[in-house]
Engineer: 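Dropping a structure here in structure tokens format, bear with me for questions.
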Amino acid sequence: MILVTGGAGFIGSNFVLDWLAQSDEPVVNLDRLTYAGNLQNLASVQGDARHVFVQGDIADAALLKQLLTTHQPRAVVHFAAESHVDRSIHGPEDFIQTNIVGSFRLLEAVRAYWSGLPADAKAAFRMLHVSTDEVYGSLAPQDPAFSETHRYEPNSPYSASKAASDHLVRAYHHTYGLPVLTTNCSNNYGPYHFPEKLIPLMIVNALAGKPLPVYGDGMQIRDWLYVRDHCSAIRRVLQAGRMGEVYNVGGWNEQPNIAIVHAICDLLDELQPRAAGGSYRQQITYVADRPGHDRRYAIDARKIESELGWRPAETFATGLRKTVAWYLANGEWVRGVQSGAYRDWVNKQYGAAVAA
Ligand code: NAD
Ligand code: TYD
């Protein structure tokens, strides 16, 4: 079986659902259920004996030891993190605690467990650390995309905390021989994405008749990947990645934010026209820029393609259409996550105008 951390969040829950759809290998899912963790994401595997959910913190060394000893996983896939850049600007502490201290505790627990395994299980064991392209910093317009050897230049408390965890993972391989793999992926989008991030926030606000807050000039560029493609990349790296290696994962899909917002408005105009008439584009509002806002991210995903034969299956057009359709069909899920904690956050970030 495998141990997944953060499997009730956006990418982790998609990963668990895809894993169980493709294999009978059980998953132990350790998640603290912060504001971003949601068991509703896993409703379709509730009662499935192959999925064991454990609510707990990756920084809890005793719990980690107990889980590893009891379940004897052959692999650990580490998603758990604080993941939202804007939240890291308002309050970095949780990011240091979970992304750095939590990852350190996990590495320590995994090292102790792995050291005690019999030789064949020890040789087969892998720990896959899920990281982000944001550790590489920001690109100028003409710069080549981030390769695995790009220097680390994190600019936000979020990306700095992820960079620190990447360095710890690397050090545990070099120092102790821990069989690790690291993936650095670009921006994901798709079902179960918490509506604090760009794409789901725009869909949810548009449908609610609220402003669509575009930071600064809206010309910051991200490289978007459909979440299930990220999940297939992780499965592939876990299966065949070379021990200790880093694999960059991306969608070959650079887009400025404003183009994303326009594409969402156009899809909604087609699939659920505004009752009041006119385009959802009329709701776009330019707001103050994010402090230290990275201008451009882009992933060079040639290594994972040439070594492991992975390429994304979705284009941005197909993936975004699926995503918008999913949000239209899952209003119940959206209402569920729009709890008090979420509303408080939106108020803090955007003020009453957007949250109203
Ligand atoms: P998310 O915020 O949606 O989910 C994070 C999950 O981790 C939640 O379920 C939360 O409850 C859990 N968690 C948080 N702190 C925990 C703790 N101390 N112990 C146990 N569980 C804890 O994040 P996501 O977007 O699904 O991202 C998952 C991983 O992928 C993160 O490591 C992130 O850095 C990385 N990543 C995300 C993206 C993206 O576009 N979202 C891109 C590249 C990499
Ligand atoms: P986000 O989804 O927070 O991901 P990240 O910061 O990790 O890339 O933001 C994606 C881009 O969209 C980023 O350039 C910030 C911008 N953005 C807005 O313009 N308005 C918003 O309300 C949000 C949440 C993000």
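We count ligands from 1, going down the list as the structure has it; atoms in each ligand are counted the same way. Just the heavy atoms: all of them, side chains too, but no hydrogens, waters or symmetry mates, feed the values below. If you're wondering where the values come from, they're calculated on a predicted model, not measured in any experiment.
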Engineer: Looking only at distances, can you tell me whether any N or O atom of H230, backbone or side chain, sits closer than 3.5 Å to an N or O atom of ligand 1?
Structural biologist: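 By distance alone, the answer is no.
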Engineer: Looking only at protein heavy atoms, which one is nearest to atom 42 (C) of ligand 1, and how far off is it?
Structural biologist: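 Answer for atom 42 (C) of ligand 1: S186 O, 3.2 Å.
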Engineer: Is there a polar contact between ligand 2 and Y215, counting only N or O atoms under 3.5 Å apart?
Structural biologist: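 Yes; at least one N/O pair falls below 3.5 Å.
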Engineer: Can you check whether N188 has an N/O within less than 3.5 Å of an N/O in ligand 1?
Structural biologist: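 By distance alone, the answer is yes.
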Engineer: Which bit of A59 is near ligand 1, meaning a heavy atom under 4.0 Å away: side chain, backbone, both or neither?
Structural biologist: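 Contact part for A59 vs ligand 1: neither.
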Engineer: Heavy-atom contact under 4.0 Å between H84 and ligand 2?
Structural biologist: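 Contact present.
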Engineer: Provide, to 0.1 Å, the distance between atom 9 (O) of ligand 1 and the closest protein heavy atom, together with that atom's residue and name.
Structural biologist: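 Looking only at protein heavy atoms, the one closest to atom 9 (O) of ligand 1 is D31 OD2, 2.5 Å.
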Engineer: Could you tell me whether T98 and ligand 1 have an N or O pair separated by under 3.5 Å?
Structural biologist: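 In this structure, T98 places an N or O atom under 3.5 Å from an N or O of ligand 1.
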Engineer: Find all atoms of ligand 2 within a distance of less than 4.0 Å from any non-hydrogen atom belonging to P213, and give their numbers and elements.
Structural biologist: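 Near P213, meaning under 4.0 Å from one of its heavy atoms, ligand 2 has 18 (C), 19 (O), 20 (N), 21 (C), 22 (O).
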Engineer: In the protein, which heavy atom is nearest to atom 30 (O) of ligand 1, and how far is it?
Structural biologist: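 Its nearest protein heavy-atom neighbour is V130 CG1, 3.5 Å.
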Engineer: Would you say ligand 1 has an N or O under 3.5 Å from any N or O of N187?
Structural biologist: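 So ligand 1 has no N or O lying under 3.5 Å from an N or O of N187.
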Engineer: Got the closest protein heavy atom to atom 28 (C) of ligand 1, with its distance?
Structural biologist: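 Ranked first by proximity to atom 28 (C) of ligand 1 is F79 O, 3.5 Å.
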Engineer: Among protein heavy atoms, which sits nearest to atom 21 (N) of ligand 1, and what does the distance come to when rounded to 0.1 Å?
Structural biologist: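 Of the protein heavy atoms, R32 N, 3.0 Å lies nearest.
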Engineer: Considering only protein heavy atoms, which is closest to atom 1 (P) of ligand 1, and at what distance to one decimal place?
Structural biologist: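 Residue, atom and distance for the closest contact: S83 OG, 3.5 Å.
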Engineer: Side chains of P73 and Y113: closer than 4.5 Å at any heavy-atom pair?
Structural biologist: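 Result yes, sub-4.5 Å side-chain heavy-atom pair found.
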Engineer: Between K162 and ligand 1, is there a nitrogen or oxygen pair with a distance under 3.5 Å?
Structural biologist: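 Between K162 and ligand 1 (N or O atoms, distance only) the closest approach is under 3.5 Å.
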Engineer: Does an N or O from A80, backbone or side chain, lie closer than 3.5 Å to an N or O of ligand 1?
Structural biologist: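 Looking only at distances, the answer is no, because the N/O contact criterion of under 3.5 Å is not met.
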Engineer: Please compare L39, D57, V54 and report which has the shortest non-hydrogen distance to atom 18 (N) of ligand 1.
Structural biologist: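 Shortest heavy-atom distance from atom 18 (N) of ligand 1: D57.
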Engineer: Using a strict 4.0 Å threshold on nitrogen-to-oxygen distance, state whether K162 and E134 make a salt bridge.
Structural biologist: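 E134 and K162: not salt-bridged.
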Engineer: Of all the non-hydrogen atoms in the protein, which one sits nearest to atom 25 (O) of ligand 1, and at what distance?
Structural biologist: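 Looking at atom 25 (O) of ligand 1, the protein heavy atom closest to it is F10 CD2, 3.6 Å.
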Engineer: Please work out which of T132, I11, V249 has its closest non-hydrogen atom nearest to atom 26 (O) of ligand 1.
Structural biologist: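 Looking at heavy atoms only, I11 sits closest to atom 26 (O) of ligand 1.
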